[in-house]
Number of protein chains: 2
Amino acid sequence: MADRLDIIFAALADPTRRRILAMLLEDDMAVTDVAEPFEMSLAAVSKHLGLLSRAGLISQEKRGRVKWCKLEPDALRDASVWMQGFGQFEPVNLDAFERFLDTELPSQKDP
Amino acid sequence: MADRLDIIFAALADPTRRRILAMLLEDDMAVTDVAEPFEMSLAAVSKHLGLLSRAGLISQEKRGRVKWCKLEPDALRDASVWMQGFGQFEPVNLDAFERFLDTELPSQKDP
DNA sequence: CTGATCGTCAACCAATCGGTTGAATATGCC
DNA sequence: GGCATATTCAACCGATTGGTTGACGATCAG
């Protein structure tokens, strides 16, 4: 039986999924719109979203025929607490986070 | 080409490896001693340590015939920064971390 | 009703993972 | 030298992962 942390960290261990989370940080999105910038099938992105949902990192709500995806940042709290215990990192540094998004987001190459 | 965060989060997604990190939080250890509490072969633990080392989460230094494993908490900084950006979690909470260790460490059943 | 759009499901595939065992390589001890 | 200790390597195994494709069920528009 996989621990909750297992599932959360495994969900974060994929660049596609981290990129999806970063996208959802800006706004809720429909599945199709989430999938649009990725060079993979809709089904593949749908699987990623399912995994993120099972990890509790996002929630999905179907309205009409479109399914909206919403970031659930609280799910990261457990994992964050676990990690911070090791480093006693300085308090939240949003600038560093912005730099990370900059380096992570363009990871999808144009062909 | 796996991103650095890929490797770090993947390394954290396994309870054995998280438990190893928690053990090393207390002190540096030899490979054999790390392996002792686990119900798996030494080779398996050695593989886990290799993975943690490749992720930069630990360093290994051979002195004589014993290889010492040392926690490298700085490697968690990148991942922690990434995560904190999502939740704006409150500053480091060591008490919560201690509770986590309590719930995680006894996850290995006695036979 | 018809047709297009939204999303998932099912089956498949290659690659990776977590584990095993047995042999191999250092190194230390006497 | 010779044996024990510490650790890794190599080959193997079953399960999981990340992706594909094609069919399918809902829902909306005309």
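Sequence lines set the chain letters: A, B, ... in the order given, protein chains first and strands last, and positions in each chain run from 1. Basis for what follows: all heavy atoms, side chains included, without hydrogens, waters or symmetry-related copies.
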[X] has an atom [atom1]; how far is it from atom [atom2] of [N], in whole Å?
| X | N | atom1 | atom2 | answer |
| --- | --- | --- | --- | --- |
| A/I7 | D/dT16 | CD1 | P | 13 Å |
| A/K67 | C/dC9 | NZ | P | 7 Å |
| A/L52 | D/dG18 | CG | P | 10 Å |
| A/R65 | C/dC6 | CZ | P | 6 Å |
| B/W68 | C/dA26 | CH2 | C1' | 17 Å |
| B/M29 | D/dT7 | CE | P | 11 Å |
| A/D33 | C/dT5 | CG | P | 14 Å |
| A/L12 | D/dG18 | CG | P | 12 Å |

Inset, instruction - May I ask you to test the A/C69-A/D28 pair for a side-chain heavy-atom distance under 4.5 Å? - result: no

In Å and rounded to the nearest 0.5 Å, what is the [atom1] to [atom2] distance from [X] to [Y]?
| X | Y | atom1 | atom2 | value |
| --- | --- | --- | --- | --- |
| B/I20 | B/I58 | CD1 | CD1 | 7.5 Å |
| B/S59 | B/L49 | OG | CG | 11.0 Å |
| A/D27 | A/W68 | CG | CH2 | 8.0 Å |

Inset, instruction - State whether B/S46 places a side-chain N or O below 4.0 Å from either non-bridging phosphate oxygen (OP1 or OP2) of D/dT7. - result: no

Inset, instruction - Just grab all the side chain to side chain donor-acceptor pair (under 3.5 Å) pairs involving residues 41-53 of chain A, residues at least two apart or on different chains. - result: A/R17-A/H48

Legend entry - First encountered from the 5' end of DNA chain D, between B/K62 and A/V45: B/K62

Find every protein N or O atom lying less than 3.5 Å from an N or O atom of nucleotides 16-20 of chain C, and list the pairs.
unit_1 : atom_1 : unit_2 : atom_2 : d
C/dG18 : OP1    : B/R17  : NH2    : 3.1
C/dG18 : OP2    : B/R17  : NH1    : 3.2
C/dG19 : OP2    : B/H48  : NE2    : 2.2
C/dG19 : N7     : B/K47  : NZ     : 3.2
C/dG19 : O6     : B/K47  : NZ     : 2.3
C/dT20 : OP2    : B/S41  : N      : 2.8
C/dT20 : OP2    : B/S41  : OG     : 2.8

Legend entry - Residue whose nearest DNA chain C nucleotide is more 5′ - B/G64 or A/A30: A/A30

Inset, instruction - Would you mind checking if A/R19 and A/D14 are paired as a salt bridge, meaning a charged N to carboxylate O distance below 4.0 Å? - result: no

Legend entry - Qualifying residues under side-chain contact (heavy atoms from CB on, under 4.5 Å), relative to A/A13, sequence neighbours excluded: B/F9, B/A10

